[in-house]
Amino acid sequence: MTVRAAIRQLWLPALVFVILLLSTEGSTSFYFPPLTTVLHTLWDQLAGGGLLDDLWFSLRNIVLGLALATVVGVAAGLVIGEVRILRLALGPLLDFARATPTVGFVPVIILTLGIGSGPKIFLIFLGSLWAILLNTVAGVGQINPAVHETSRGYRVPWHLQLRRVVLPGALPQIFAGIRVALSIAVVLMVVSEIYGSPIGLGNFILQSGSSFHVAETWAGTLLIGVLGYGLSVLLLLCEHALLGWYHQRAPRAPRTRTVTTESAEPTEPIEKKSNGVVV
């Protein structure tokens, strides 16, 4: 990512930070302490208050759950997108699963699987899966049919066609689904830790709010926002590294050459066409 791209990503968060810093300076409200107080509390909790363990627990759950959802969602989406019968048969089921709020499964999952790390990873996986899977299916459907015809014409094996042709063509849409799934994963992480966890950022916010430690509550909320934004920027960097060919500008069309004949007739531009492209 270039400096200009980094500025485009960071100027708005920096502006919001400055506005909050200036607007809350000298605040005497119990519910809205100064931002400097929140930042000082956040540093103290990270340095020796146990918040670092909560952060690591939540980050590990998000990464593992999202990674599992990506592997399963991309693999299943490639197959469903390529096989028309599966796509038509599973379409209503996938739409139903996408419309069902995963948050509603939190009590059931906690009741049946317990309050450890495994149920939270499974909940994040379940909630993130559908966005990745459906975007993968849509990405496969957007590939030019001529690409498939060329692959079949050269008798490319099916598994190699999926890995070398279909997957690269669907990657832009897949990354779009992962970005959507990341925001869902952060929400599910907080909800699962609030309702059934002795550790984690969600539990930290719950305990701080129940004890009326307002600065600590705001510090935990701010840390969750920074965590989500940091993961989003990291994902964007990975996307630009893997899809540089997709984000770069299209090459300019060459100018039409003017060919001069030896006759006295007026010269006219001659356009040569190759595969429908003016060269």
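Note that these values count all heavy atoms, side chains included, but never hydrogens, waters or copies made by symmetry.
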With a cut-off of 6.0 Å (strictly less than), are more than 12 heavy atoms of other residues, nucleotides or ligands near [atom1] of [X]?
| X | atom1 | value |
| --- | --- | --- |
| F30 | CZ | yes |
| R164 | CZ | no |
| L15 | CG | yes |

Check whether any side-chain heavy atom of K120 sits under 4.5 Å from a side-chain heavy atom of M189, and report yes or no.
no

Are the charged groups of R179 and E239 less than 4.0 angstrom apart, N to O?
yes

Would a distance-only check, ignoring hydrogens and angles, find a side-chain to backbone donor-acceptor pair under 3.5 Å from [X] to [Y]?
| X | Y | answer |
| --- | --- | --- |
| S58 | G200 | no |
| S210 | L206 | yes |
| S208 | H213 | no |
| N203 | P198 | yes |
| T24 | L35 | yes |
| S27 | F32 | yes |

CD1-CG distance between I110 and L113, expressed to the nearest 0.5 angstrom
9.5 Å

Point-to-point distance, once rounded to the nearest 0.5 Å, from CG of L182 to CD1 of I124:
10.5 Å

Between Q173 and N135, does a side chain to side chain donor-acceptor pair (under 3.5 Å) hold up when you go through it step by step?
CA-CA 6 Å; Q173 195 73 19; N135 275 274; 3.1 Å; yes

